[in-house]
Each structure stands twice: as C-alpha cells, then as structure tokens.
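First up is the structure itself, then whatever we jot down about it.
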Amino acid sequence: MDLAIRATEFFKSFRETRLSGLRPPTEFFDFHRVSKPADVNTATSRISYNTRYFSGNYGLIVAVIAVYAVLTNYVLLIALGFFVGGFTLINKFAPDATQFGEHTVTQKHLYTGLFVIGIPLLWYASPFGTFFWVIGASSILILGHACLMEPGVESDYAAIDGETV
C-alpha cells in the first residue's frame, strides 16, 4: 500500500515538474516556422533558444528513442530482465542462507552466480552500442529540429527582458 502511494506521488510530481514544460504538438510541429538558417550564427542562436524552449519535448523524444532501442534489442531486454528478475528473486526468496547437503548457499553465492551469467549476457547485448545509438539519433533529431525552427515572437521579448534585468 505504501509503495502505491509513493508511486502515485512520484508520478504526480513528475507530471507537475517535467511534463509541465511540454509545448503543444501544434507548436512543436508548426511547419510555417520551418526555414533554412541563413548562416552558422543564425543556426547557433536558433539551437540555443529552441533547446531551452522545447526542452520538455526534446526530453520526451530522448525517452521514446531509448524505450524503442531497448524494446528492439531483444538480447538487451532479456539481459535486463535477467538482472532485475534475479535481484528480485534473490531478495524475495533467499534472504537467509540455505543448506543443500553439505553446502551452504548464501545470498553472496547467488549474487555471484547472477553476475557470472549476467555480465557476459549483458556484454553480448552491446548496451554501449545501444546507448551511443540513442545519443546519435536523439542528437540528429533534436539539433535538426532546433536548427530549422524559427524562434517565435516571444523570443524577441525574452531577449529584451534579459537585457533590462
């Protein structure tokens, strides 16, 4: 019961803090504001403004790409499931040492077995390749969008407010 309350509070605070920064899809996908930047300085200023302005949307893009990468890499999904399931089962069903004939099996032995099997499985799943693929795909999408989107009228007022303060 306590776990359900904590989870509810976590999602509520997550929605209030992170998801409140999301811009509506009509604004994020406004094709009327898409144009090629005139030069590198224009592209840099657009990237600087848009990464701050659309930061919630860009975070959501990274999360969706990461979930897609894990779900399409079946070996990585199995390795992560093996580790999470192994830790859960060991903590739930083997908190105390168990006697098998003359041998005593402790949690330390079970964790060692989990790592001896899980680390090579995880290594075979290439989590680093998946991680760098997520970084690359996210960077291309985010920088492309931020570079091509013209800042809205509110960016002019933000610049004026920043100078007077």
Side-chain angles (χ1 to χ4, degrees), residues 1-38 40-92 111 114-159 161-162:
M1 184 66 177
D2 186 44
L3 181 63
I5 293 171
R6 284 189 288 165
T8 304
E9 290 174 2
F10 170 77
F11 285 119
K12 184 177 180 182
S13 69
F14 180 78
R15 185 180 71 221
E16 291 172 355
T17 57
R18 299 290 183 199
L19 297 182
S20 65
L22 285 177
R23 303 293 176 189
T26 55
E27 186 177 356
F28 188 73
F29 296 112
D30 187 6
F31 295 110
H32 301 295
R33 290 177 35 198
V34 173
S35 70
K36 179 181 168 190
V40 175
N41 290 334
T42 306
T44 305
S45 66
R46 283 183 183 184
I47 290 171
S48 175
Y49 175 77
N50 286 331
T51 51
R52 282 182 275 115
Y53 188 73
F54 291 114
S55 64
N57 297 71
Y58 293 150
L60 186 63
I61 288 172
V62 172
V64 167
I65 289 174
V67 168
Y68 170 78
V70 170
L71 290 178
T72 56
N73 187 347
Y74 298 120
V75 180
L76 181 59
L77 194 61
I78 290 169
L80 292 174
F82 180 77
F83 269 117
V84 170
F87 278 114
T88 304
L89 291 173
I90 289 171
N91 285 331
K92 186 173 184 177
Y111 283 130
L114 181 69
F115 283 112
V116 165
I117 296 168
I119 295 292
L121 181 63
L122 189 63
W123 186 261
Y124 180 72
S126 70
F128 297 114
T130 303
F131 174 75
F132 287 116
W133 182 85
V134 168
I135 296 280
S138 300
S139 298
I140 289 171
L141 284 173
I142 290 169
L143 291 175
H145 180 271
C147 181
L148 294 175
M149 272 309 251
E150 291 180 2
V153 177
E154 65 276 353
S155 68
D156 296 332
Y157 295 113
D161 288 341

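Ile78 CD1 to Asn73 CG: the interatomic distance, rounded to the nearest 0.5 Å, is 9.5 Å. Atoms CD1 and CZ, from Ile117 and Phe83 in turn, are 10.0 Å apart once rounded to the nearest 0.5 Å. Distance CZ/Phe29 to CZ/Arg23: 14.5 Å, rounded to 0.5 Å.
Here the side chains of Pro37 and Leu148 are in contact, with some heavy-atom distance below 4.5 Å. Counting only heavy atoms from C-beta outward, the side chains of Leu122 and Pro127 approach each other to under 4.5 Å. In this structure, the side chains of Ile142 and Val62 come closer than 4.5 Å at one or more pairs of heavy atoms. Within the 4.5 Å cutoff, the side chain of Phe87 has no heavy atoms near those of the Phe82 side chain. A heavy-atom distance below 4.5 Å is not found between the side chains of Phe54 and Leu60. Here the side chains of Phe28 and Ile61 are in contact, with some heavy-atom distance below 4.5 Å. The closest side-chain heavy-atom distance from Asp30 to Thr26 is not below 4.5 Å.
Of the residues listed (Asn50, Leu141, Leu143), the one engaging Tyr58 in a side chain to side chain contact (heavy atoms under 4.5 Å, CB included) is Asn50, and it is the only one. The one candidate from Met149, Glu150, His145 that meets the side chain to side chain contact (heavy atoms under 4.5 Å, CB included) condition with Arg46 is Glu150.
Below 30°, between 30° and 60°, or above 60°: for Tyr68 and Trp133 the angle between ring planes is between 30° and 60°, a tilted geometry.
For the residue pair Gly86 and Leu114, the shortest heavy atom distance occurs at CA-CD1, 3.8 Å.
The closest donor-acceptor contact from the side chain of Asn57 to the backbone of Leu22 lies at 3.5 Å or more, if one exists at all. Ser138 places no side-chain N or O within 3.5 Å of a backbone atom of Ile135 that could act as its donor or acceptor partner. In this structure a side-chain-to-backbone donor-acceptor pair under 3.5 Å is present from Thr51 to Ile47.
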